[in-house]
There are 2 protein chains.
Amino acid sequence: MQGYDKYAYEPFAVTVDLAVFTIREGRLHALLVERGEQPYAGRRALPGGFVQPDEAAETAARRELAEETGLSDVAGLHLEQLRTYSEPDRDPRMRVVSVAFTALVPDAPEARAGSDAARADWLPYGEHRPSYAPLAFDHDRILADAHERVGAKLEYTGLATAFCPPEFTLGELRQVYQAVWGAELDPANFRRKVLATPGLVEAVPGAARLTGGRGKPAALYRAGGATALHPPLLRPEGRP
Amino acid sequence: MQGYDKYAYEPFAVTVDLAVFTIREGRLHALLVERGEQPYAGRRALPGGFVQPDEAAETAARRELAEETGLSDVAGLHLEQLRTYSEPDRDPRMRVVSVAFTALVPDAPEARAGSDAARADWLPYGEHRPSYAPLAFDHDRILADAHERVGAKLEYTGLATAFCPPEFTLGELRQVYQAVWGAELDPANFRRKVLATPGLVEAVPGAARLTGGRGKPAALYRAGGATALHPPLLRPEGRP
DNA sequence: CCCTTTAATAGTCCACCTGACACTAAATGG
DNA sequence: CCATTTAGTGTCAGGTGGACTATTAAAGGG
């Protein structure tokens, strides 16, 4: 790092890309925009945008998240850096280094198109290659990396509650795990493990109960303060 | 992302910073350089440098790693992206976005000073605040983040073998866990768990044995192909 | 050369975690 | 009223993991 000279090197553009997930009807969905311009016009892509000269990448990501989702309380959403993608040819026009973030949204208000996107929608993301694939740029890879990261973090952190509203039932929490992992979980064993993990959830004291559909009404819980889970909640083996 | 214009935005300098760890005499060490110039002249810092216009951050990181460590077989070393640090004021001179990497080195040849550093040394990194603290820029935080990441990945990946030479004893492997976690592990139980984890290590078939110091000679093992550990090898509880 | 020290390896015991599964409770829809 | 659905409780067998003891095989010192 001998003497810096801001013009000694080709300038890099720095952007953020957002892999935003939510659970809808028990299935995992990702927020995707439709590109309105070349390259990849008409193709689906991750929402994102440029980092401004005076803001950190995290700030830019949260700003873009607010713009694209139309959510009001963006401050409370879970936003986490995933990794940075810097291959020289990832954007055909110029050198773009992109810091990717993962965001988790509890309920899912309809998305709205941002300034630079033709449209924005919540589209199902799962095992099968979706009809809208492939995404623009290297966004398929980013989204897959984000999915893998979220799946892994469910095991050993209390992250799952970030997909849930402030008060939720254990059934809803279990659906989060099932949607992300793509696996069935035994309701009884899930309840036992969640309640045995200190700080994961705490019961809402009032006899508060929620009726959603059929079946016996369930007790409500709030997210506990726990960030690390000991022991972890491991996903079932073998995913070939 | 409406039409790019590479001069529409203030240019960002993109650098890589390296948190390089090794095990020496059973203790965790980090590779640190001494800065020769302002700002922070004379202070310790992480090795690193600029990303060139035609290379990915990973490529730049591996190039810097080779330059700073003097290792010949840099290609085989474990190098992994940590995260990107982009706070606008993290470098007092200009806007620098830095992609941080974690590298793990098995044996530790003496470091050598790179082009931009007065010197480079392996310095112990552990519980106590070391005498060389604080580091330049936000490098204390980067190094702490890297340590936490490595400690966590030892639990559920076969990463520990990256600290070991191609053939190693279970005692050496256990020392890796102990040095990174700063905790004592029962040798017998460690052996049982490691050998019970499929794909973590594989025995060297010949009656190969290694003599290092006192005690019964140990059997040699090679790193197995396993990348994910099921079940994980959890570190002991409670770190207040 | 013997004896102590050190580390690897083997084995045991027991508490607890976990998956599988049965059973009851409370709501809805025909 | 009855079948269905989901919540919640309980049980049981097998496996895992921590604590601990014992044995083996080398090095080093007197």
Side-chain angles (χ1 to χ4, degrees), chain A residues 23 25-26 154-156 164 167-179 181 183-198 200-221 229-239, chain B residues 23 25-26 154-156 164 167-179 181 183-204 206-221 229-239:
Chain A
I23 310 284
E25 295 154 14
L154 288 193
E155 292 192 326
Y156 55 93
C164 296
E167 298 190 342
F168 52 86
T169 70
L170 293 188
E172 291 168 348
L173 186 65
R174 181 168 48 85
Q175 282 205 350
V176 170
Y177 279 88
Q178 294 183 156
W181 287 349
E184 294 280 306
L185 297 179
D186 183 282
N189 294 335
F190 179 81
R191 144 180 298 269
R192 183 179 54 188
K193 285 176 71 169
V194 166
L195 295 182
T197 302
L200 215 195
V201 299
E202 56 185 31
V204 174
R209 293 172 170 271
L210 175 78
T211 170
R214 287 179 290 280
K216 178 177 173 178
L220 287 178
Y221 293 84
L229 263 41
H230 272 279
L233 222 157
L234 299 179
R235 53 189 141 181
E237 306 253 350
R239 358 160 215 165
Chain B
I23 310 283
E25 296 154 15
L154 289 194
E155 292 192 328
Y156 54 93
C164 296
E167 298 191 341
F168 52 87
T169 70
L170 293 187
E172 292 168 347
L173 186 65
R174 180 168 48 85
Q175 282 204 348
V176 170
Y177 279 88
Q178 294 184 153
W181 287 348
E184 294 280 306
L185 297 179
D186 182 280
N189 293 336
F190 179 81
R191 145 180 297 270
R192 183 180 53 186
K193 285 176 70 169
V194 167
L195 295 182
T197 302
L200 214 196
V201 298
E202 56 185 32
V204 174
R209 293 171 169 272
L210 176 79
T211 169
R214 288 180 287 280
K216 179 177 174 178
L220 287 178
Y221 293 85
L229 263 42
H230 272 277
L233 222 156
L234 299 179
R235 53 189 140 181
E237 306 252 350
R239 359 161 213 162

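Atoms considered below: every heavy atom in the structure, side chains included; atoms not considered: hydrogens, waters and symmetry mates. Proteins come first, then strands; the chains are lettered A, B, ... in the order of their sequence lines, and each starts at number 1. Values in this document were obtained by computation on a predicted structure and should not be read as measured data.
Remark: C1' of D:dG10 and CG of A:Leu195 are 15 Å apart, rounded to the nearest angstrom. Distance, B:Leu233 CG to D:dG17 P: 8 Å, rounded to whole Å. Atom CG in B:Leu220 sits roughly 13 Å away from atom C1' in C:dA8 (whole-Å rounding). The CZ-C1' distance, from A:Arg191 to C:dT24, rounds to 13 Å in whole Å. In this structure, CG of B:Leu173 is placed 17 Å from P of C:dA7, rounded to the nearest angstrom. Between the CD atom of B:Glu184 and the P atom of C:dA7 there is a distance of 11 Å, given to the nearest Å. One interatomic measurement links the two molecules: CG of A:Leu170 to P of D:dT6, which rounds to 15 Å at whole-angstrom precision. Rounded to whole angstrom, the span from the NE2 atom of A:His230 across to the P atom of D:dG18 amounts to 12 Å.
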With the sugar-phosphate defined as primed atoms, P, OP1 and OP2, and the base as all remaining atoms, what B/S/- string results for nucleotides 14-23 of chain C, 5' to 3', for protein heavy atoms under 4.0 Å? ----BBBB--
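At least one side-chain heavy atom of A:Tyr177 sits less than 4.5 Å from a side-chain heavy atom of A:Leu233. Residues B:Pro236 and B:Leu185 form a side-chain contact, since some pair of their non-hydrogen atoms from C-beta on lies under 4.5 Å apart.
Separation of atoms CD (A:Glu184) and CZ (A:Phe190) is listed at 12.5 Å; rounding is to 0.5 Å. Rounded to the nearest 0.5 Å, atoms CD (B:Glu172) and OH (B:Tyr221) are 12.5 Å apart. Considering CG of B:Leu234 and CG of B:Leu154, their distance stands at 12.0 Å, rounded to 0.5 Å.
Across all their heavy atoms, B:Ala179 and B:Gly26 have their closest contact at CB-O, 3.4 Å.
Look at A:Arg214 and you won't find any side-chain N or O under 4.0 angstrom from OP1 or OP2 of D:dA7.
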